[in-house]
Amino acid sequence: MASEREVFGLSGPLHLTNIDWNNAHHRRSVAASLVEGVYILERDRQEKREGSQALAPPWWEFFHFKLVRKLIDDVDFCIFGAIYEYKPPSSHCNDSIVSIDGNPRYVISFRGTITKPDSFTRDFELDIHIMRNGLHQTSRFEIGMQAVRNMVATVGASNVWLAGHSLGAAMAMLAGKTMAKMGNFLEAFLFNPPYLSAPIERIKDKKVKHGIRIAGSVITAGLALAARGKNPRSRSEDPFSALSAWTPSLCVNPADHLCSEYIGYFEHRKKMEEIGAGAIERLATQHSLGGLFMSVVGKGVEAAEPLHLLPSANLTVNLSPSNDFKQAHGIHQWWRPDLNLKCSLYKFK
């Protein structure tokens with residue numbers, strides 16, 4: 001039995017009957033709907049809903065997209081992603097591969113964890129890899145990354161968008177960072193991307209919160225310098241210089257503890273710059289405490305780059321009240337027409 005949330009006609013952004021691709025709300029809503037389409041593709045597979053019974057197609061067809069390819073995990077054969085092609089009515093565009101009025105030509109979307117037996121085990125395994133900062137070593141990521149590489153090589157970076165939610169946002173973020181380091185800056189919409197750290201953002205006292213962040217930055221920067229002393233090659237590596245030109249759209253909810261730290265992450269960077277401690281914070285944000293500890297006290301173990309390392313972002317914070325964590329973390333919130341949003345652009349080098 002399908003839930004109401006799976007049915008586009010009941011839960012989708014039906015108010016978007018005419019898309020303005022230069023409107024930030026429209027772009028975000030369409031990207032979120034295409035991610036939901038991946039969720040429903042996998043649910044259709046699990047429930048054996050085919051043909052007219054399938055619930056996924058309206059999630060992309062409503063916006064004139066066509067499903068080009070499903071991305072299949074090589075371990076449990078679940079659908080974790082999809083490639084869509086924008087195919088508006090012929091009166092809107094021609095057949096050339098050109099983005100018109102800001103629209104994408106192709107969107108590659110990745111879903112998050114599904115808490116159903118057919119896919120949960122593999123999804124949870126990937127969640128663990130995120131916590132261990134090892135998502136880049138998984139076969140699912142490599143399948144998704146290869147799809148991104150192939151699409152960019154075929155149609156160009158300007159014609160490809162990335163989108164993802166939760167675990168899928170981590171996939172899209174890592175893929176986007178990988179492409180950015182090669183000089184390909186893809187439009188990206190990252191919904192509720194995981195940021196694994198102590199929940200400092202939940203502390204109400206701003207002075208205490210700021211003090212904890214400063215102490216953490218100083219400790220992390222100190223360990224980073226110590227790690228550099230043990231690994232001279234890392235001195236010339238500067239992930240920020242390669243990534244600073246990439247500005248993905250991050251959509252987070254302060255009531256979602258899995259992603260809310262991005263709010264403090266960027267606000268703290270701004271404050272550290274303002275008080276003249278930008279160099280410390282710049283070094284600190286390129287490393288994780290756990291990875292640095294292993295580098296310093298371990299046997300030459302090199303710390304992996306933290307997934308959340310982002311010099312720049314368009315940060316959209318949903319300040320609308322959430323009834324519970326499930327709603328705060330859900331993808332459906334991002335196409336509601338009545339959102340109370342705070343949008344900030346952060347660009348650091």
Side-chain angles (χ1 to χ4, degrees), residues 5-6 28-46 56 59-60 65 67-84 104 106-116 118-131 133-136 138-148 151 160-179 186-196 248-253 256 258-259 262 307-308 310 313 316 326 328-335:
R5 293 172 63 83
E6 293 178 306
R28 182 185 66 251
S29 298
V30 172
S33 295
L34 296 180
V35 173
E36 178 67 359
V38 183
Y39 277 105
I40 310 306
L41 271 171
E42 172 58 16
R43 292 295 294 135
D44 281 347
R45 184 191 72 85
Q46 293 180 10
W59 288 95
W60 58 80
F65 281 87
L67 178 64
V68 175
R69 177 187 165 196
K70 303 171 186 175
L71 300 180
I72 311 296
D73 192 283
D74 64 338
V75 174
D76 64 355
F77 305 106
C78 71
I79 301 168
F80 70 88
I83 301 176
Y84 304 101
Y106 292 91
V107 179
I108 304 175
S109 298
F110 303 99
R111 66 165 175 82
T113 302
I114 293 180
T115 56
K116 301 293 181 182
D118 287 351
S119 56
F120 178 69
T121 300
R122 175 61 168 163
D123 288 353
F124 184 69
E125 177 188 335
L126 272 291
D127 292 333
I128 297 298
H129 277 289
I130 292 176
M131 288 188 277
N133 206 26
L135 183 62
H136 61 290
T138 65
S139 60
R140 179 184 290 189
F141 172 71
E142 185 49 43
I143 293 169
M145 188 68 241
Q146 192 58 52
V148 174
M151 191 57 64
V160 179
W161 285 13
L162 297 176
H165 173 247
S166 191
L167 165 61
M171 294 269 293
M173 181 183 295
L174 189 52
K177 288 172 62 175
T178 302
M179 297 306 295
L186 277 59
E187 186 91 14
F189 294 84
L190 311 175
F191 302 100
N192 302 80
Y195 186 120
L196 300 171
S249 296
L250 270 63
C251 299
V252 305
N253 189 313
D256 174 10
L258 293 180
C259 68
Y262 276 106
L307 178 64
H308 65 258
L310 282 175
T316 298
K326 184 177 181 181
H329 187 67
I331 188 70
H332 285 64
Q333 66 184 298
W334 296 112
W335 58 71

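Only this structure's heavy atoms are used, side chains among them; waters, hydrogens and symmetry mates stay out.
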Any non-hydrogen side-chain atom of I114 less than 4.5 Å from a side-chain atom of E42? yes
Search all heavy atoms of F141 against all heavy atoms of L135 and return the closest pair with its distance. CB-O, 3.4 Å
Do any N or O atoms from the side chain of W60 and from the backbone of V30 form a donor-acceptor pair under 3.5 angstrom? no
Within the distance-only criterion (no hydrogens, no angle test), does the side chain of Q333 pair as donor or acceptor with the backbone N or O of A328 below 3.5 angstrom? yes
Are S33 and W335 packed together at the side-chain level, in the sense that at least one heavy-atom pair is separated by less than 4.5 angstrom? yes
Within a strict 4.5 Å, meaning less than it, do heavy atoms of the C78 and I72 side chains meet? no
Closest heavy-atom contact between V107 and A163? CG1-CB, 4.4 Å
Mind checking whether F189 and W161 have ring centres under 6.0 Å apart? yes
Heavy-atom check, side chain of F80 versus side chain of V38, under 4.5 Å: no
Salt-bridged, R45 to D118, with N to O below 4.0 Å? no
Without swapping roles, check the side chain of Y84 against the backbone of L34 for a donor-acceptor pair under 3.5 Å. yes
Nearest non-hydrogen partners of R5 and W59, listed with the distance: O-CZ2, 3.7 Å
Run M131 and I128 through side chain to side chain contact (heavy atoms under 4.5 Å, CB included) and show every step you take. CA-CA 5 Å; M131 288 188 277; I128 297 298; 3.0 Å; yes
Pairwise distance CG(L174) to CG(L190) - rounded to 0.5 angstrom: 11.0 Å
So, taking the atom named CG in N253 and the one named CG in L258, what distance separates them when rounded to the nearest 0.5 Å? 11.0 Å
Audit row: N192, C251, side chain to side chain contact (heavy atoms under 4.5 Å, CB included) steps and yes/no: CA-CA 6 Å; N192 302 80; C251 299; 5.8 Å; no
Got I108 and L71 here, is their nearest side-chain heavy-atom distance under 4.5 Å? yes
Between CZ of F110 and OG of S166, what distance do you get to the nearest 0.5 Å? 14.0 Å
Spacing of CE belonging to M171 relative to CG belonging to L126, to within rounding of 0.5 Å: 7.0 Å
Check: G112 main-chain N/O paired with Y39 side-chain donor or acceptor under 3.5 Å: yes
So among D76, D73, D127, which one has a salt bridge (Lys or Arg N to Asp or Glu O under 4.0 Å) with R122? D73
Please report the C-alpha distance between V148 and M179 in whole Å, then the side-chain angles of each, then the deciding distance to 0.1 Å, and finally whether the side chain to side chain contact (heavy atoms under 4.5 Å, CB included) criterion is met. CA-CA 9 Å; V148 174; M179 297 306 295; 3.8 Å; yes
If you compare all heavy atoms of P194 against all heavy atoms of Y262, which two are closest, and at what distance to 0.1 Å? O-OH, 3.7 Å
State, yes or no, whether a side-chain contact exists between L250 and P193 at a heavy-atom distance under 4.5 Å. yes
Quick one: pull up OG1 in T178 and CG in L186 and give me the separation to the nearest 0.5 Å. 11.0 Å
Distance (rounded to the nearest 0.5 Å) between S249 OG and F191 CZ: 8.0 Å
Salt bridge or not for D123 and K116, using N-O below 4.0 Å? no
If you compare all heavy atoms of A56 against all heavy atoms of L41, which two are closest, and at what distance to 0.1 Å? CB-N, 3.7 Å
Quick one: are P248 and L310 in side-chain contact, heavy atoms under 4.5 Å? yes
How about F124 and T113: do any of their side-chain heavy atoms sit closer than 4.5 Å? no
State yes or no: are the ring centers of H165 and H329 separated by less than 6.0 Å? yes
Worked check of side chain to side chain contact (heavy atoms under 4.5 Å, CB included) between I143 and Q146: CA-CA 5 Å; I143 293 169; Q146 192 58 52; over 6 Å; no
Heavy-atom nearest pair, D74 first then S139, reads OD1-OG, 2.7 Å
